**Q** 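A single structure is presented below for examination.
Keep in mind it's a predicted model, so treat the numbers as computed, not measured. Order of listing sets the numbers, starting from 1, for every ligand and every atom in it.
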Amino acid sequence: MRVKKVTKAVFPVAGQGTRFLPATKSIPKEIMTLVDRPLIQYAIDEARAAGIKEFIFVTSRGKSALEDYFDHSPELESTLKRQGKTELLEVLRDTNMDSGAIAYVRQNRPMGLGHAVWCARRLIGNEPFAVLLPDDVIASDKACLQQMIEAYSQTGGNMVAAMEVPPEKASSYGVLDIGEDMGSIVQAKGMVEKPKPEDAPSNLAVIGRYILTPEVLTNLNRMKQGAGGEIQLTDAIAEEIKTNNNVYGFRFRGQRYDCGSKAGFLQATVAFGLERPDLRDEFSTYLIDMMAQQKAAQ
Ligand code: UTP
């Protein structure tokens, strides 16, 4: 199947991050660090690995630290150069983005994820695009979005990353009603946002990676006009199931961490800390001692 190449990605980062108050009073959630890299860097690296060329951030008031993060820092670079700290210089240069590769649009009020994506409509134009939620961090051999783009080349249409969750957890996610199950790709025949456990159509939950058609923006436009509360991205995608039957779930290979929650953020910190060759030995010894002490105290 010939599909149009996905070269644009939207990063909705306009949420308030209330689960991380008081930290998020002055720091955007997306700047919080796993080991030594902000959450947003993981999402950007994943998108780059998947061939994304244009990065669209939907920001809001109080997110200037995020915008500054992607600026070049010539003073710091020349200091590191003078001091011969070439490794650190490389680390810093890896975060540099090409001029014009990043665009920012504002969401004036936090009216939901669907509304945030809608705010980027003019920059997206009439082509397929990816959406990455930076608080979902995915550890995998091949970047999750890259896996999705490969699967999308077979299906076209809309694709959402999905993973199996226990029934009692389904109410925290959008959940897919599964039509044809082709293994890693499933055809969706419905999609429900945060169902009660007894109403969940399956245990396949949608997480924060999407490849979407411009028709989803048209659906969001309609919802915007009739909106009272938050505008859900799930509803605009579910509309595509009804009208075009072209929504697919993709069971990605990898481990997803919900870094928008405290427990998920801590789990990711441990997992990424243990992955790092420079930290692994010291950190694992510490964790083993700590667990032994906890056990002894029980
Ligand atoms: P969350 O549901 O995690 O909301 O948003 P939040 O505001 O970031 O955090 P809490 O729940 O208050 O702790 C999921 C993603 O959608 C973006 C967020 O920035 C996050 O990346 N978002 C959400 C927006 O950009 N705008 C919104 O109005 C809502």
**Q** May I ask you to decide whether R256 forms a salt bridge with E46, counting only side-chain N to carboxylate O separations under 4.0 Å?
**A**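 Answer for the salt bridge query: no.
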**Q** Which of the numbered atoms in ligand 1 are below 4.0 angstrom from a heavy atom of E30?
**A**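 Reading through ligand 1 atom by atom, the close ones are 19 (O).
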**Q** Report the part of H115 (side chain from C-beta onward, or backbone N, CA, C, O) that has a heavy atom under 4.0 Å from ligand 1; answer both or neither where that applies.
**A**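 The answer is neither.
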**Q** What protein heavy atom is closest to atom 7 (O) of ligand 1, reported as residue, atom name and distance in Å?
**A**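 Ranking protein heavy atoms by distance from atom 7 (O) of ligand 1, first comes Q16 N, 2.8 Å.
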**Q** Counting from 1, what ligand 1 atoms have a heavy atom of M111 closer than 4.0 Å?
**A**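 Numbered from 1, ligand 1 contributes 28 (O).
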**Q** Specify the protein heavy atom at minimum distance from atom 19 (O) of ligand 1: its residue, its atom name, and the distance to 0.1 Å.
**A**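 Answer for atom 19 (O) of ligand 1: G15 N, 2.9 Å.
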**Q** Does a donor on one side chain sit under 3.5 Å from an acceptor on the other, for E215 and T213?
**A**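 Yes.
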**Q** Taking C-beta and beyond as the side chain, do V270 and L287 meet within less than 4.5 Å on heavy atoms?
**A**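 V270 vs L287: side chains touch.
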**Q** Are G260 and ligand 1 in contact, using a heavy-atom cut-off of under 4.0 Å?
**A**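 Judged by the 4.0 Å heavy-atom criterion, G260 does not count as contacting ligand 1.
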**Q** Tell me, yes or no, whether the heavy-atom count around R280 atom CZ, taken from other residues, nucleotides or ligands under 6.0 Å, exceeds 12.
**A**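 Yes, because the 6.0 Å sphere around CZ of R280 holds more than 12 heavy atoms from other groups.
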**Q** List ligand 1 atoms under 4.0 Å from D135, heavy atoms only on the residue side.
**A**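 Numbered from 1, ligand 1 contributes 3 (O), 20 (C), 21 (O).
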**Q** Hey, is the main chain of K142 close enough, under 3.5 Å, to the side chain of Q147 for a donor-acceptor pair?
**A**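 Checked: pair present.
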**Q** Evaluate the side-chain proximity of D177 to V192: yes if any heavy-atom separation is below 4.5 Å, no if none is.
**A**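 They are not in side-chain contact.
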**Q** If the cut-off is 4.0 Å to any non-hydrogen atom of A116, which atoms of ligand 1 fall inside it?
**A**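 That gives atoms 24 (C), 25 (O), 26 (N) of ligand 1.
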**Q** Specify side chain, backbone, both or neither for K29, according to which of its non-hydrogen atoms lie closer than 4.0 Å to ligand 1.
**A**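 It is the side chain that gets close, since no backbone atom is under 4.0 Å.
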**Q** Below 4.5 Å, heavy atoms only, C-beta onward: do K8 and L123 meet side chain to side chain?
**A**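 The answer is no, as the side chains (C-beta and beyond) never meet within the 4.5 Å cut-off.
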**Q** Which protein non-hydrogen atom lies closest to atom 17 (C) of ligand 1, naming both residue and atom, and how far is it?
**A**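 For atom 17 (C) of ligand 1, the nearest protein heavy atom comes out as P12 O, 3.6 Å.
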**Q** Using a 4.0 Å cut-off to any heavy atom of Q107, which atoms of ligand 1 qualify?
**A**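 This gives 24 (C), 25 (O), 26 (N), 27 (C), 28 (O) as the contact atoms.
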**Q** Just heavy atoms, cut-off under 4.0 Å: does T18 contact ligand 1 by side chain, backbone, both, or neither?
**A**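 It is both parts that get close, each with some atom under 4.0 Å.
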**Q** Does some non-hydrogen atom of R109 fall short of 4.0 Å from ligand 1?
**A**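 For ligand 1, residue contact (heavy atoms, under 4.0 Å) with R109 is absent.
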**Q** For atom 14 (C) of ligand 1, tell me which residue out of L133, V10, I40, T59 has the closest non-hydrogen atom.
**A**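 Selected option, by shortest heavy-atom distance: L133.
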**Q** Which atoms of ligand 1 have any heavy atom of L113 under 4.0 Å away?
**A**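 Near L113, meaning under 4.0 Å from one of its heavy atoms, ligand 1 has 16 (O), 29 (C).
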**Q** Is it true that, when you exclude D36 itself, more than 12 heavy atoms of the residues, nucleotides or ligands shown sit nearer than 6.0 Å to its CG?
**A**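 Yes.
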**Q** Using a 4.0 Å heavy-atom threshold (strictly under), name the region of V58 that reaches ligand 1: side chain, backbone, both or neither.
**A**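 Answer for V58: neither.
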**Q** Could you tell me which atoms of ligand 1, counted from 1 in the order shown, lie closer than 4.0 angstrom to a heavy atom of P110?
**A**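 Atoms satisfying the 4.0 Å criterion: 28 (O).
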**Q** Apply side-chain hydrogen bond (donor to acceptor under 3.5 Å, both in side chains) to E77 and H72, showing your working.
**A** CA-CA 9 Å; E77 283 189 22; H72 286 222; 4.7 Å; no
**Q** Tell me, which protein residue and heavy-atom name are nearest atom 1 (P) of ligand 1, and how many Å apart are they?
**A**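 Answer for atom 1 (P) of ligand 1: R19 NH2, 4.0 Å.
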**Q** Thinking salt bridges, do E164 and R251 make one under a 4.0 Å N-O criterion?
**A**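 Result for this pair is yes, salt bridge flagged.
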**Q** Closer than 3.5 angstrom, by distance alone: can the side chain of T24 be matched with the main-chain N or O of G17 as a donor-acceptor pair?
**A**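 At least one qualifying donor-acceptor pair exists.
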**Q** Where is the nearest protein heavy atom to atom 25 (O) of ligand 1: which residue, which atom, and how far?
**A**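 Protein heavy atom at minimum distance: A14 N, 2.9 Å.
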**Q** Between Q146 and E150, is there a side-chain donor-acceptor contact under 3.5 Å, judged purely by atom types and distance?
**A**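 Yes.
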**Q** Counting only non-hydrogen atoms of the protein, does one fall under 4.0 Å from atom 28 (O) of ligand 1?
**A**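 Under the 4.0 Å cut-off, atom 28 (O) of ligand 1 does have protein heavy-atom neighbours.
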**Q** Looking at G112, which atoms of ligand 1 are within less than 4.0 Å of one of its heavy atoms?
**A**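 The list of qualifying atoms is 26 (N), 27 (C), 28 (O), 29 (C).
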